[in-house]
Student: 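First the structure, which I've put down as structure tokens, then a few questions once you've had a look.
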2 protein chains.
Amino acid sequence: MKRKVTLKQISKELDVSISTVSKALRNSKEISEDTREKVQAFAKLYNYRPNNIALSLKNRKTKTIGIIIPEIVHHFFSKVIRGIELVANKHGYNVIVGLSNESFDKEVINMEMLANGSIDGFILSISKETLLQQDYHHFNETISQGMPIVMFDRVINDIKCDKVIVDDVQGSKKAVNKLVENGCKKIAIITTKDYVSVGKLRTQGYLEALDENKIHPEADLILKVDDKLVSEDYLDVLEREIEHLFKSNKKLDGVFAVNELYAITAMKVARKFGKHIPNDIQVIGFTDGVLSKHATPSLTTVSQHGQKIGEKAAELLIHKLEHEDEEEQFQTVVIETELVERESTK
Amino acid sequence: MKRKVTLKQISKELDVSISTVSKALRNSKEISEDTREKVQAFAKLYNYRPNNIALSLKNRKTKTIGIIIPEIVHHFFSKVIRGIELVANKHGYNVIVGLSNESFDKEVINMEMLANGSIDGFILSISKETLLQQDYHHFNETISQGMPIVMFDRVINDIKCDKVIVDDVQGSKKAVNKLVENGCKKIAIITTKDYVSVGKLRTQGYLEALDENKIHPEADLILKVDDKLVSEDYLDVLEREIEHLFKSNKKLDGVFAVNELYAITAMKVARKFGKHIPNDIQVIGFTDGVLSKHATPSLTTVSQHGQKIGEKAAELLIHKLEHEDEEEQFQTVVIETELVERESTK
DNA sequence: ATTCGCAACGAAAACGTTTTCGTGTTAACA
DNA sequence: TGTTAACACGAAAACGTTTTCGTTGCGAAT
């Protein structure tokens with residue numbers, strides 16, 4: 001087992017100083033061609049690679065991006081990571097991942113672990129618990145220590161950082177408008193409680209679209225599911241609530257669900273009630289995951305372009321990291337959604 | 001913007017030496033209670049946290065695990081990551097993720113990036129291209145430099161490292177036996193080309209199970225899909241090949257697919273041919289993902305327990321890292337599969 | 001003969017820790 | 001009074017780099 005070779009070892013071996021070795025390897029003109037070749041040959045032979053940690057310490061840059069997300073077993077988030085990793089790697093950055101598991105404490109702990117020198121900046125999406133408690137001190141603290149943050153998807157407006165979001169309102173309007181175009185008269189929305197910012201915005205889009213189409217919103221058609229507790233029987237609860245929605249609205253002919261799972265479950269319930277999709281009821285979801293593509297019938301969705309979100313977030317962060325001199329100003333980039341039509345609509 | 005405070009700054013501020021500050025913070029008995037309290041109060045006030053990079057350099061340990069996987073937008077791999085992250089965090093480790101995207105070059109580059117001091121050890125699953133080329137020098141080199149590796153799922157036998165695998169053969173036998181028990185006479189397998197080790201093993205399990213049940217294998221019933229090129233029309237090709245399988249085997253009544261996508265597609269084709277699932281044809285997949293759970297009909301699968309695989313891999317690696325003195329010996333842990341029965345079988 | 005400039009290299013600081021090994025002061029003891 | 005031991009602290013090395021600032025030797029110019 002041959003340990004990694006260092007400058008010091010090379011210098012000892014060749015009987016020159018450490019500085020000479022370092023300079024020779026970086027092709028400094030200070031060093032004679034003779035010794036330069038000698039050093040480089042030796043380094044190549046022993047497969048010398050500068051130690052990243054030492055470089056990080058010296059440069060006070062780690063070339064590493066920290067990602068904090070609520071959950072990784074999730075199509076949207078993994079797509080975002082892929083996007084981040086793609087552009088990060090292109091710029092010579094690595095990516096370190098922390099999972100909050102939707103918990104405030106884990107979010108804080110993970111951030112503290114990484115903020116102490118391990119990374120140059122954060123890309124994150126806020127956990128539900130944090131959104132609920134509205135305690136954002138950890139974000140503000142890391143920012144005030146000079147570490148930039150880029151938030152995506154689940155963001156908070158009054159935090160001084162770049163943001164990448166989806167045009168949730170517009171996306172929802174596209175969906176609802178489609179349903180209206182396709183002849184739906186009674187359109188329900190299955191959404192989350194309002195503390196989840198994206199849920200709130202999508203609900204808003206739904207309401208605006210109804211308004212623009214001169215349709216009166218009905219409280220009965222708005223189902224706000226509480227997904228605070230991800231318990232074992234979560235799916236059952238969800239299904240029961242949707243069943244209740246169907247029962248109390250016999251004439252329901254359109255459903256807009258703010259995520260894939262809600263949409264799939266709605267289709268399941270519809271089938272249970274003997275409704276044909278899309279003839280009796282049309283369904284549109286949000287987030288373009290595997291489920292939507294491979295469900296039967298396949299699901300029309302508002303696609304979020306997770307990978308593009310990740311790419312943009314990484315670009316923003318890296319730009320900030322490599323242009324620290326520029327005056328501070330934060331932007332919010334909106335990634336366009338796209339309505340992907342499949343079999344669950346006419 | 002207040003930069004992170006260091007020992008040196010504290011020492012200057014309180015007019016003591018750096019050593020005194022360090023010792024005071026670590027509650028050394030060398031330091032008088034007086035100065036200890038003074039230092040700790042000051043440190044708390046300024047929210048002092050030791051710099052991870054400096055610690056890494058000093059201790060020659062980063063407390064970070066490098067993960068290299070072919071793809072992150074994949075239920076199985078993200079579950080594994082979740083498992084790794086879980087136990088890594090419990091032991092105070094962080095997790096840094098590199099994606100090979102099934103490419104040999106990216107795998108090598110990613111490993112080199114991380115191997116130069118950034119991490120203490122690797123957990124990885126080998127890319128298809130690497131498996132195809134059979135070039136394993138990068139694994140052997142990192143190992144010979146004293147950096148431990150744990151491989152999971154897609155592994156190579158003759159590399160000196162710990163491995164965590166699924167009992168692919170047994171799992172497949174469970175599936176096929178189930179189909180036989182349920183009365184299937186003509187059972188097909190949809191699998192990958194043999195260079196994907198798990199595909200090969202699952203095919204082997206299929207054949208063994210047939211043999212044990214005194215069923216003659218038929219070449220026509222074995223469909224080996226080439227997933228080397230993940231092209232645009234990959235799905236179409238897959239579908240056509242499966243259609244061909246169905247056409248040339250009219251009496252087909254059981255399908256065992258080595259992954260979720262193949263299984264789902266098989267069900268789709270079956271429906272196209274007017275076959276009812278599970279009455280006419282029963283289908284079993286491998287890997288327990290979202291698709292299986294939420295498809296209609298929901299899919300009976302051989303569950304791999306991705307999270308458990310990740311947990312075990314992390315345990316093995318961390319044990320090796322924290323007991324470097326122990327004599328080298330490598331183990332291969334087999335994670336049991338489990339047949340999860342759903343609607344696609346009787 | 002003295003100065004100058006250049007080529008080629010080395011010493012040392014710095015990044016932020018921890019730890020080993022002094023060192024000076026004081027109090028107790030012979 | 002002189003020795004010793006405990007106490008409280010500081011200096012310095014080490015981890016592996018890069019970079020600034022010497023320093024040396026030597027040929028050329030004055």
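The structure displayed is predicted, hence computed values, not measured ones. In what follows, every chain begins at residue 1, and chains take the letters A, B, ... in the order their sequences are listed.
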Student: Think B:Arg49 has a side-chain N or O under 4.0 angstrom from the OP1 or OP2 of C:dG16?
Tutor: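 Indeed not, no polar side-chain atom of B:Arg49 lies that close.
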Student: Within this structure, what is the CG-to-C1' distance between A:Leu57 and D:dT18, rounded to whole angstrom?
Tutor: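 Nearest whole value for this atom pair: 12 Å.
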Student: With a cut-off of less than 4.0 Å, is there a side-chain N or O of A:Arg26 near OP1 or OP2 of D:dT19?
Tutor: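 Checking A:Arg26 against D:dT19: at least one side-chain N or O falls below 4.0 Å of OP1 or OP2.
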Student: Can you tell me if A:Thr20 touches the phosphate of C:dC9, counting only side-chain N or O atoms and a distance under 4.0 Å to OP1 or OP2?
Tutor: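 The answer is no; no side-chain N or O of A:Thr20 sits under 4.0 Å from OP1 or OP2.
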Student: Using the side-chain heavy atoms of A:Ala54, tell me which of these nucleotides is nearest: D:dG16, D:dC21, C:dT18.
Tutor: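 Comparing D:dG16, D:dC21, C:dT18 against the side chain of A:Ala54, the answer is D:dG16.
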Student: Counting the atoms with a prime plus P, OP1 and OP2 as sugar-phosphate, which does B:Leu7 contact under 4.0 Å by heavy atoms, base, sugar-phosphate, or nothing?
Tutor: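 It contacts base atoms.
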Student: What is the distance, to the nearest angstrom, from the CG atom on B:Leu14 to the P atom on D:dA8?
Tutor: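 Answer to the nearest Å: 18 Å.
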Student: Does one side chain, of A:Lys4 or A:Asn51, offer a donor that lies under 3.5 Å from an acceptor on the other?
Tutor: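 Distance-only check fails for A:Lys4 and A:Asn51.
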Student: Starting at atom CG of B:Asn52, determine the distance to atom P of C:dT17, rounded to an integer number of angstrom.
Tutor: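 Rounding to the nearest Å, CG of B:Asn52 and P of C:dT17 are 10 Å apart.
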Student: Quick one: which of C:dT18, C:dC15, D:dG10 gets closest to the side chain of B:Ile18?
Tutor: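 Nucleotide nearest to B:Ile18's side chain: C:dT18.
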Student: Out of D:dC21, C:dT20, C:dT17, which has the shortest distance to the side chain of B:Lys58?
Tutor: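 Of the options given, the side chain of B:Lys58 lies nearest C:dT17.
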Student: To the nearest angstrom, how far is B:Leu55 atom CG from D:dG16 atom C1'?
Tutor: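 It is 15 Å, rounded to the nearest whole Å.
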Student: Under 3.5 Å, is there any donor-acceptor pair linking the side chain of B:Ser17 to the base of D:dA11?
Tutor: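 Side chain to base: no pair below 3.5 Å.
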Student: Given D:dT18, C:dT19, D:dG10, which nucleotide is nearest the side-chain atoms of B:Ser22?
Tutor: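 In terms of side-chain proximity for B:Ser22, the closest of D:dT18, C:dT19, D:dG10 is C:dT19.
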Student: So does B:Glu33 have more than 12 non-hydrogen atoms from other groups sitting under 6.0 Å from CD?
Tutor: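 Not buried by this count: 12 neighbours or fewer within 6.0 Å.
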Student: I need the single residue from B:Asn110, B:Ile72, B:Val97 that forms a side chain to side chain contact (heavy atoms under 4.5 Å, CB included) with A:Glu85. Which is it?
Tutor: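 Single pass found, and it is B:Asn110.
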Student: Which of parallel (below 30°), tilted (30 to 60°) and perpendicular (above 60°) describes A:His138 and A:Phe104?
Tutor: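 The arrangement is perpendicular - the two ring planes meet at more than 60°.
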Student: Give B:Thr35 one of three labels, base, sugar-phosphate or nothing, depending on what nucleic acid heavy atoms sit under 4.0 Å from its own.
Tutor: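 Touches sugar-phosphate only.
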Student: Round to the nearest Å and state the distance from B:Asn51 atom CG to C:dC15 atom C1'.
Tutor: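 Value for this atom pair: 9 Å.
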Student: Starting from P on D:dG25, measure out to CD on A:Glu30 and report it in whole angstrom.
Tutor: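 Distance, rounded to whole Å: 18 Å.
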Student: With a non-hydrogen cut-off below 4.0 angstrom, is B:Arg36 in contact with a base, only sugar-phosphate, or nothing?
Tutor: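 Result for B:Arg36 = nothing.
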Student: C:dC15 C1' sits how many Å from A:Lys63 NZ, rounded?
Tutor: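 Those two atoms, NZ and C1', are 18 Å apart.
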Student: Before giving the answer on side-chain contact (heavy atoms from CB on, under 4.5 Å), spell out for A:Lys63 and A:His91 the whole-Å C-alpha distance, their side-chain angles and the decisive distance to 0.1 Å.
Tutor: CA-CA 9 Å; A:Lys63 284 267 184 179; A:His91 289 81; 5.7 Å; no
Student: Please compare B:Val16 and A:Gln9 by the position of their nearest nucleotide in DNA chain D and report the one closer to 5'.
Tutor: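 Counting from the 5' end, the first nearest nucleotide belongs to B:Val16.
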Student: What nucleic acid atoms does A:Ser32 come within less than 4.0 Å of, heavy atoms only: base, sugar-phosphate, or nothing?
Tutor: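 Sugar-phosphate only.
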Student: Which is true for A:Lys23 with a 4.0 Å heavy-atom rule: it touches a base, it touches only sugar-phosphate, or it touches nothing?
Tutor: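 Here A:Lys23 touches the bases of the nucleic acid.
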Student: Using a cut-off of 4.0 Å on non-hydrogen atoms, how would the nucleic acid contact of A:Thr6 be classed: base, sugar-phosphate, or nothing?
Tutor: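 The residue A:Thr6 makes sugar-phosphate contact but no base contact.
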Student: Rounded to whole Å, please give me the gap between CG in A:Leu25 and P in D:dT19.
Tutor: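 From A:Leu25 CG to D:dT19 P: 13 Å.
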Student: Checking side-chain polar atoms at under 3.5 Å, does A:Glu311 have a donor or acceptor matched by the opposite partner on A:Gln307?
Tutor: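 Distance-only check passes for A:Glu311 and A:Gln307.
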